[in-house]
Amino acid sequence: MWGFLIGLYLAMIIYPFLEEWQQRQADKRRLAKMREHHARGRRWDPTKGQSIDE
């Protein structure tokens, strides 16, 4: 019983850090994609998350 409660408590502490790490990784991938498109001379639409092909 105590082991379960301690495990649950630890999971509640670790979960926000895991979510933050996942968000940082997603942001890094998105930024790399934006930089790649910028290097090719394309414009980036932040609302759609993709390049604007004119």
Side-chain angles (χ1 to χ4, degrees):
M1 178 69 181
W2 284 109
F4 173 74
L5 292 175
I6 291 171
L8 186 61
Y9 180 73
L10 289 175
M12 290 177 63
I13 292 172
I14 293 172
Y15 184 72
F17 291 107
L18 179 63
E19 276 188 327
E20 185 178 332
W21 178 79
Q22 288 176 335
Q23 185 62 48
R24 277 197 314 265
Q25 296 302 314
D27 290 344
K28 285 180 184 178
R29 285 191 298 271
R30 192 176 304 120
L31 183 59
K33 192 174 180 183
M34 288 181 352
R35 286 179 175 164
E36 177 185 331
H37 284 275
H38 181 71
R40 292 181 181 171
R42 295 180 176 169
R43 290 182 30 210
W44 186 261
D45 184 1
T47 58
K48 294 182 181 178
Q50 60 188 18
S51 64
I52 301 172
D53 296 324
E54 296 175 3

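Note: hydrogens, waters and symmetry copies are ignored here, and every other heavy atom, side chains too, is used. The model shown is predicted, which means the values in this text are computed figures rather than measured ones.
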Atom pair [atom1] ([X]) and [atom2] ([Y]), whose distance is rounded to the nearest 0.5 Å:
X: K33; Y: L31; atom1: NZ; atom2: CG; value: 12.5 Å
X: F17; Y: E20; atom1: CZ; atom2: CD; value: 7.0 Å
X: L8; Y: I13; atom1: CG; atom2: CD1; value: 10.5 Å

Tell me every residue that passes salt bridge (Lys or Arg N to Asp or Glu O under 4.0 Å) with R29, counting only those two or more places apart in sequence or in another chain. none

Please identify each residue that fulfils salt bridge (Lys or Arg N to Asp or Glu O under 4.0 Å) with R35, with sequence neighbours left out. none

Tested for side-chain hydrogen bond (donor to acceptor under 3.5 Å, both in side chains) against D27, the lone hit among Q25, Q23, R24 is Q23

